[in-house]
Novice: 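Quick one: this structure, given as structure tokens, is what I'll be asking you about.
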Amino acid sequence: MPGGRLTQQERQQIALGLAENLAYAEIGRRLDRPTSTITREVMRNGGPTAYRADLAHRATERRAHRRRQAAPPLPRTLPPVHGRDAEAVREYEEMFTALLMQSGLPRMTSRVLTCLLTTDAAGLTAAELVRRLQVSPASISKAIAFLEGQDLVRRERDERRRERYAVDDELWYQSAIASARSNAQLAETARRGVGVLGPDTPAAARLENIARFLDFVGESIVRAAEQARAVLTSKAETTSES
């Protein structure tokens, strides 16, 4: 497969493929490029509905220019572990970050969460995140505060009393429960509007339907989270016993 950065002509072909509602894999086959390359290109440049070939090309040129103009060279990266392809890992991390951004997370928050999800360590300190992502401590602190507010990161101390941040299955369960709780609060607020606006008005009917929908979704989330937690926990226990 061809290497190097995408050309402007290839970006135009990507835009045409998106306009035809082609899958990323199909666009990649037509360009003889990996699907991950197409996914990362689209997600980091506005997503499938806002991608523009000319804007994406100029943005890439600006990023390359900034990297060339950076004064201090980046520290030597860590050697690959477990026989992994370092370039493939980097591409995967960029793709995962782009998808998190597409879901609504800020860029730095997405980078921190991806780093925590893909590390082999049980957790990372703020200094380790700064070193891995090459950003300021303030950026890490802000991202961690956001993730903690969403119940996506757990703060703990290691044997040297350093604060570490970790992500595990239990946190996903807690996040799902927090989402259900948020839905319940929205449903309750919507129902208050029924009494304020009058039960026989179109606005009240709209709010009641919203409340019923959120009730159903919230209950489904809690039920699915509890079932997944029980199944995954039992599988983990079975594996450890064997």
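For reference, positions follow the sequence shown, starting with 1.
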Novice: Filter on ring pair (Phe, Tyr, Trp, His ring centres under 6.0 Å), then keep only pairs touching residues 91-117, sequence neighbours left out; what's left?
Specialist: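 Ring pair (Phe, Tyr, Trp, His ring centres under 6.0 Å) check on residues 91-117 returns Tyr92-Phe96.
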Novice: When you measure from the side chain of Thr119 to the backbone of Leu116, do you find a donor-acceptor pair of N or O atoms at a distance under 3.5 Å?
Specialist: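 No, Thr119 side chain to Leu116 backbone: no donor-acceptor pair under 3.5 Å.
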Novice: Whether the side chain of Glu128 engages the backbone of Thr125 through a donor-acceptor N/O pair (distance < 3.5 Å, no angle test) should be reported.
Specialist: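 Yes; at least one donor-acceptor contact below 3.5 Å.
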Novice: Without placing hydrogens or testing angles, list every side-chain donor-acceptor pair under 3.5 Å for residues 46-59, not counting sequence neighbours.
Specialist:
residue : atom : partner : partner atom : Å
Tyr51   : OH   : Glu41   : OE2          : 2.7
His57   : ND1  : Arg11   : NH1          : 2.8
His57   : NE2  : Glu61   : OE2          : 3.4

Novice: Please tell me whether Ser136 and Ser139 have a donor and an acceptor in their side chains that are separated by less than 3.5 angstrom.
Specialist: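 Yes, side-chain donor-acceptor contact under 3.5 Å.
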Novice: Would you kindly confirm whether Ile144 and Met101 end up in one hydrophobic cluster when ILVMFWY residues are joined by side chain heavy atoms under 4.5 Å apart?
Specialist: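 Unlinked, Ile144 and Met101 end up in two clusters.
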Novice: Write out all pairs satisfying salt bridge (Lys or Arg N to Asp or Glu O under 4.0 Å) with one or both partners inside residues 210-227, taking only residues at least two apart or from two chains.
Specialist: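 Matches after skipping sequence neighbours: Arg191-Asp215.
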Novice: Counting only N and O atoms by type, is there a donor-acceptor contact under 3.5 Å from the side chain of Arg111 to the main-chain atoms of Leu133?
Specialist: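 Checking the backbone N and O of Leu133 against the side chain of Arg111, a donor-acceptor pair under 3.5 Å is found.
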Novice: Ion pair present between Glu163 and Arg157, side-chain N to carboxylate O less than 4.0 angstrom?
Specialist: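 So Glu163 pairs with Arg157 through a salt bridge.
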Novice: If Ile, Leu, Val, Met, Phe, Trp and Tyr residues are connected whenever their side-chain heavy atoms lie under 4.5 Å apart, and connections chain through other members, are Ile140 and Phe146 in the same group?
Specialist: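 Cluster IDs for Ile140 and Phe146 match.
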Novice: Which residues, ordered by chain and number, are linked to Tyr173 in its hydrophobic cluster, where ILVMFWY side chains connect at heavy-atom gaps below 4.5 Å, directly or through other members?
Specialist: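 Members other than Tyr173 - counting any ILVMFWY side chain reachable under 4.5 Å - are Ile177, Val222.
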Novice: Could you tell me whether the side chains of Glu170 and Gln174 share a donor-acceptor contact shorter than 3.5 Å?
Specialist: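 A pair is found: one side chain offers a donor N or O, the other an acceptor, under 3.5 Å apart.
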Novice: Just by distance, do the side chain of Arg164 and the backbone of Glu156 share a donor-acceptor pair under 3.5 Å?
Specialist: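 Not at all, since once roles are kept as given, no pair shorter than 3.5 Å links the two residues.
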Novice: Answer yes or no: is there a donor N or O on one side and an acceptor on the other, between the side chain of Thr39 and the main chain of Thr35, under 3.5 Å?
Specialist: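 Confirmed, Thr39 side chain pairs with Thr35 backbone.
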Novice: Using only heavy-atom distances, determine whether the side chains of Thr114 and Thr97 contain a donor-acceptor pair under 3.5 Å.
Specialist: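 Their side chains do contain a donor-acceptor pair, which is all the 3.5 Å distance test asks for.
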Novice: Report yes or no: does Ser182 contribute a side-chain atom to a donor-acceptor pair with the main-chain N or O of Ala178 at less than 3.5 Å?
Specialist: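 Checking the backbone N and O of Ala178 against the side chain of Ser182, no donor-acceptor pair under 3.5 Å is found.
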Novice: Evaluate side chain to side chain contact (heavy atoms under 4.5 Å, CB included) for Val42 paired with Leu18, printing each intermediate quantity in order.
Specialist: CA-CA 9 Å; Val42 174; Leu18 293 173; 4.0 Å; yes
Novice: Can you pull the salt bridge (Lys or Arg N to Asp or Glu O under 4.0 Å) pairs that have at least one residue in residues 175-190, sequence neighbours excluded?
Specialist: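 Every pair satisfying salt bridge (Lys or Arg N to Asp or Glu O under 4.0 Å) with a residue in residues 175-190: Glu188-Arg192.
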Novice: Glu26: which residues meet the side chain to side chain donor-acceptor pair (under 3.5 Å) condition with it, sequence neighbours left out?
Specialist: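 By the side chain to side chain donor-acceptor pair (under 3.5 Å) rule, Glu26 matches Arg29, Arg30.
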Novice: If you measure from the Lys or Arg side-chain nitrogens to the Asp or Glu carboxylate oxygens, is any gap between Arg206 and Glu208 under 4.0 Å?
Specialist: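 The answer is no: the pair does not qualify as a salt bridge.
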